[in-house]
Amino acid sequence: AMPGVRHAARCKDTSSSCVRLRAMGPAGGRWQVPASIGEIADKKGQRRRKQQQQQQQQEQQIQQQYQHVQQVNPAAQVVSEKHALEFEREGHTLLRGLVSGDALSRLTEAVQSEYDHRAAEAYSAKLTELGVGFHALSRSSSLPATLSEACEKRGLPVPTLQVYNLHRADRPASKAIREFVSSTEMGRVAADLMGIDSVMLYQTAAFYKNAGDGETVWHSDLNTAPFDTNYMVTFWIALTDVPTRQHSPLEFASRSHRDFALPYWYTIEGMKELDARGYTVAKFAPLSAGDATAHHGWLIHAAPPNVSKRRRKALTVSFVAARARRLGVEGLRQEPNDTDRKGYTKSTNDALIGNTHEAWIPQITPGLPVKHVQLPVVYTRPGAKNLS
């Protein structure tokens, strides 16, 4: 019985589908409600189902726009002996047409969509690094102009804009990127280059270098990653044509991944001046959109300023050996550089990417193998132990 109700009697008017309820209390008021509470639930359920169907239809329409992004060019699915040997010896290799045709168009569109959604984050991150306070950011009507002014005031070149982990949101564009980067084909290419049986996806990033933006200094990726491993490969996929060095392609210090003394004795800041080490610098321009370079995690690489008249766009995808161990906290000569720290130590802002992702690294005990939903095993060679 409903609270405060003495009795319920059906209305004499049989055409009415209501019941009359006499309530206890000083006023002794009466209410008319539908005869069947189930009817209310049914109507609400119908409306809710209709809304859900409409939402699903909208999502499917958007998803169809990106449904073929995960199709990696079959020509690039098998790494040749030449590619594997060059990667092992030099620390880098060039994969022409890693993604092409319709798949390239859809991937480029998906990355642009996700980047546009998070552009404010990219600008704000760079301004924060320069010491521009929150209040100044909140008052800014143009973050690009504010960044240019901040760099000019400090005598610094405008840095490359980067957005990490575009594949982790729930938006259709992000899901499309996730399908591509976590595809079996991409995982197999990574495993073949490193000569290992199983790989997990570490991170993705969009690197947009505007006309006039400055250089990217010499560095290695494993100096910024929290892993105790030698197995890491990063694919730098051109999303725009990179015809000359003026358009800022990556450049590589060949065989520097074999230079044990460099990361052992020097911090990432100490790697900026490399002339005395006598490396041969490899340059791969021209590149067409869809071409990719792949480099070892310990390989020193950089990018010159973009002195062309247009923005250079690239997507990077990094893989490490499946179940690579989280770097320990005791007995280290140095801590990982902070460059990538926000990609694995902080939750992602719901307002920026569409949902919140808890930082994975606090959930992994230092020194133990990494097993986490945000770092999925994307490829295991047939016959090898499945580490998923």
Side-chain angles (χ1 to χ4, degrees), residues 59 62-74 76-79 95 98-100 102-115 118 163-194 196-207 221 225 227 229 231-237 239 290 292 294 297 314-324 340 343-344 348 353-355 357-361 364 369-382 384-388:
E59 291 179 353
I62 298 174
Q63 190 65 36
Q64 287 173 359
Q65 186 178 4
Y66 301 111
Q67 64 183 349
H68 300 301
V69 164
Q70 68 271 26
Q71 296 176 359
V72 181
N73 187 351
Q77 291 180 10
V78 179
V79 174
L95 300 169
L98 179 68
V99 56
S100 61
D102 187 53
L104 173 62
S105 298
R106 295 179 186 277
L107 177 63
T108 301
E109 187 175 352
V111 172
Q112 184 66 56
S113 175
E114 195 61 22
Y115 180 88
R118 297 174 58 190
V163 175
Y164 286 98
N165 295 321
L166 299 90
H167 66 289
R168 290 185 181 168
D170 289 334
R171 287 183 297 277
S174 184
K175 291 179 180 179
I177 297 169
R178 181 162 62 250
E179 288 176 351
F180 171 78
V181 301
S182 62
S183 64
T184 299
E185 292 82 4
M186 280 298 297
R188 188 189 321 169
V189 174
D192 287 348
L193 285 176
M194 291 189 285
I196 59 178
D197 289 334
S198 189
V199 298
M200 61 184 180
L201 175 64
Y202 169 40
Q203 71 177 16
T204 59
F207 287 86
D221 295 338
F227 298 106
T229 184
Y231 294 107
M232 179 179 183
V233 60
T234 296
F235 297 90
W236 190 93
I237 305 171
L239 300 181
L315 171 70
T316 63
V317 189
S318 297
F319 299 90
V320 296
R323 301 299 168 257
D340 290 354
Y344 59 82
T348 308
I353 75 163
N355 62 345
H357 293 276
E358 190 174 357
W360 64 264
I361 199 164
I364 307 298
V370 175
K371 184 176 182 179
H372 195 278
V373 66
Q374 288 190 26
L375 282 76
V377 174
V378 297
Y379 176 74
T380 299
R381 204 174 301 283
K385 182 179 179 180
N386 192 330
L387 299 176
S388 298

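The figures that follow rest on heavy atoms only: side chains count, while hydrogens, waters and symmetry mates do not. The structure displayed is predicted, hence computed values, not measured ones.
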**Q** What's the spacing between Glu109 CD and Ile177 CD1 if we round to 0.5 Å?
**A**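 Rounded to the nearest 0.5 Å, the CD-CD1 separation comes to 11.0 Å.
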
**Q** Once rounded to the nearest 0.5 Å, what's the spacing between atom CG of Leu239 and atom CG of Leu315?
**A**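 With rounding to 0.5 Å, CG (Leu239) is 5.5 Å from CG (Leu315).
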
**Q** Walk me through it: do Met186 and Leu98 pass the test side-chain contact (heavy atoms from CB on, under 4.5 Å)?
**A** CA-CA 9 Å; Met186 280 298 297; Leu98 179 68; 4.0 Å; yes

**Q** If you measure from CZ on Arg323 to CE on Met200, what distance do you get to the nearest 0.5 Å?
**A**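 Between atom CZ of Arg323 and atom CE of Met200 there are 6.5 Å.
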
**Q** Nearest 0.5 angstrom please: Thr108 OG1 to Tyr115 OH, how far?
**A**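 Nearest 0.5 Å value for the OG1-OH distance: 15.0 Å.
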
**Q** Using every non-hydrogen atom in the two residues, find where Ala321 and Thr229 come nearest and quote the distance to one decimal.
**A**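 That closest heavy-atom pairing would be CB-OG1, 4.4 Å.
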
**Q** At what distance, to the nearest 0.5 angstrom, does CE of Met232 lie from CZ of Phe319?
**A**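 Separation between the atoms: 10.5 Å.
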
**Q** Spell out, as yes or no, whether a donor-acceptor pair under 3.5 Å connects the side chain of Ser318 to the backbone of Thr234.
**A**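 Checking the backbone N and O of Thr234 against the side chain of Ser318, no donor-acceptor pair under 3.5 Å is found.
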
**Q** Does Asp102 pair with Arg106 as a salt bridge, N-O distance under 4.0 Å?
**A**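 Answer for the salt bridge query: yes.
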
**Q** Provide the closest heavy-atom pair for Val199 versus Gly187 in the form atom of the first, atom of the second, distance.
**A**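 So the minimum-distance heavy-atom pair works out to CG2-O, 3.5 Å.
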
**Q** I'd like to know if the side chain of Arg178 and the backbone of Ala169 have a donor-acceptor N/O pair within less than 3.5 Å.
**A**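 Between the backbone of Ala169 and the side chain of Arg178 there is a qualifying donor-acceptor contact (under 3.5 Å).
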
**Q** For Ala292 and Ile237, work out which heavy atoms get closest and say how close.
**A**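 What the structure gives for the nearest pair is CB-CG1, 4.0 Å.
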
**Q** Can you confirm if the aromatic rings of Phe227 and Tyr202 lie within a centre distance of less than 6.0 Å?
**A**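 For Tyr202 and Phe227, the ring centres are under 6.0 Å apart.
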
**Q** Just to verify, what does Ser198 make a side chain to side chain donor-acceptor pair (under 3.5 Å) with, not counting sequence neighbours?
**A**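 For Ser198 the side chain to side chain donor-acceptor pair (under 3.5 Å) partners, ignoring immediate neighbours, are Thr380.
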
**Q** So do the side chains of Gln374 and Asn165 get within less than 4.5 Å of each other, counting heavy atoms only?
**A**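 The answer is no; the side chains never approach within 4.5 Å.
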
**Q** When you measure from the side chain of Ser174 to the backbone N and O of Asp170, does any donor-acceptor pair fall under 3.5 Å?
**A**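 Answer holds: no.
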
**Q** Would you say the side-chain atoms of Arg118 pair up with the backbone N or O of Tyr164, donor to acceptor, closer than 3.5 Å?
**A**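 Yes, the answer is positive, given that a donor and an acceptor are paired below the 3.5 Å cut-off.
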
**Q** Which pair of heavy atoms, one from Arg168 and one from Leu375, lies closest together, and at what distance?
**A**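 Closest pair (atom of Arg168, atom of Leu375, distance): NH2-CD1, 4.1 Å.
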
**Q** Go through it in stages, so that I can follow the logic: the residues are Phe235 and Leu193, the test is side-chain contact (heavy atoms from CB on, under 4.5 Å), and I'd like the CA-CA distance, side-chain angles, deciding distance and then a yes or no.
**A** CA-CA 11 Å; Phe235 297 90; Leu193 285 176; 3.9 Å; yes

**Q** Can you classify the ring geometry of Trp360 versus His372 as parallel (below 30°), tilted (30 to 60°) or perpendicular (above 60°)?
**A**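 Ring orientation of Trp360 relative to His372: tilted.
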
**Q** With the side chain counted from C-beta on, respond yes when Thr316 and Gln203 share a heavy-atom pair under 4.5 Å apart, and no when they do not.
**A**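 They are not in contact (no side-chain heavy atoms under 4.5 Å apart), so the answer is no.
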
**Q** Using every non-hydrogen atom in the two residues, find where Ile364 and Pro369 come nearest and quote the distance to one decimal.
**A**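 Answer, listing the atom of Ile364 first, then Pro369: CG2-O, 4.0 Å.
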
**Q** Let me confirm one number: the CZ-CG distance from Phe180 to Leu166, rounded to the nearest 0.5 Å.
**A**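 One finds 12.5 Å between CZ of Phe180 and CG of Leu166.
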
